[in-house]
Amino acid sequence: MDGRWQIHAERLSRLAAGSTPEAGTLVACRSDLGGVAHRFLPGDRPWRELSVAVLGGTFTGAPAAAFDALGRATIAVVGADKRLAVARRAAPGSAEFGPWTVTG
């Protein structure tokens with residue numbers, strides 16, 4: 001992965017974004033590998049892959065991207081089992097997302 005993933009036109013309608021002045025804009029979409037591709041704008045390279053293997057290898061619809069009340073970047077998906085799964089960074093500005101937390 002070299003950070004230059006092509007996002008096809010049909011996928012643009014499934015792009016999610018959330019922003020804060022401190023972190024910039026978190027952008028997330030379904031990746032070519034079947035997980036969640038994400039990056040921060042401006043200037044974050046390359047696109048990173050958030051695996052959904054622990055969720056059964058897939059999810060429905062499109063991911064959601066936001067920041068929680070503590071300023072942590074958060075990505076949410078609905079798993080193939082129809083349960084909500086959320087991954088968030090441990091702290092604002094931390095490098096990686098933690099494991100998925102599944103509700104229900």
Side-chain angles (χ1 to χ4, degrees):
M1 290 183 267
D2 64 4
R4 294 179 290 210
W5 292 0
Q6 297 295 317
I7 298 177
H8 304 285
E10 68 271 9
R11 228 184 270 168
L12 290 178
S13 64
R14 297 186 218 135
L15 192 69
S19 66
T20 67
E22 300 81 21
T25 301
L26 168 62
V27 180
C29 66
R30 185 182 294 271
S31 75
D32 291 337
L33 301 175
V36 177
H38 63 89
R39 67 187 291 190
F40 287 85
L41 301 174
D44 184 24
R45 289 195 171 40
W47 283 92
R48 298 175 191 167
E49 176 80 11
L50 185 57
S51 175
V52 293
V54 297
L55 304 178
T58 190
F59 60 95
T60 62
F67 290 84
D68 68 12
L70 299 176
R72 298 175 297 182
T74 304
I75 295 176
V77 299
V78 176
D81 61 0
K82 307 295 187 229
R83 297 188 308 163
L84 180 66
V86 178
R88 63 176 38 96
R89 288 187 165 182
S94 62
E96 298 298 324
F97 282 85
W100 291 104
T101 301
V102 178
T103 62

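Residue numbers count from 1 along this sequence.
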[X] to [Y] - nearest heavy-atom pair and separation:
X	Y	value
Gly35	Val52	CA-CG2, 4.0 Å
Phe40	Ala73	CZ-CB, 3.6 Å
Arg89	Glu96	CG-O, 3.6 Å
Ala87	Gly98	CB-O, 3.8 Å
Ala28	Ala65	CB-CB, 4.3 Å
Pro46	Arg39	O-CB, 4.4 Å

Joint cluster assignment, Ile75 & Leu84, ILVMFWY side-chain distance < 4.5 Å: no
Hydrophobic cluster membership, Val54 vs Phe59, 4.5 Å side-chain cutoff: yes
N/O donor-acceptor pair under 3.5 Å between Thr74 side chain and Arg72 backbone: yes
4.5 Å side-chain heavy-atom contact, Val86 and Thr103: no
Residue pairs, two or more places apart or on separate chains, that pass ring pair (Phe, Tyr, Trp, His ring centres under 6.0 Å) and touch residues 75-104: His38-Phe97
Pairs where residues 63-85 contributes a residue and the test ring pair (Phe, Tyr, Trp, His ring centres under 6.0 Å) is met, not counting sequence neighbours: none
Residues clustering with Val78 (ILVMFWY side chains joined when closer than 4.5 Å, directly or via others): none
Thr101 OG1 to Arg83 CZ distance, which is reported to the nearest 0.5 Å: 11.5 Å
Interatomic distance, Leu26 atom CG to Thr20 atom OG1 [nearest 0.5 angstrom]: 9.5 Å
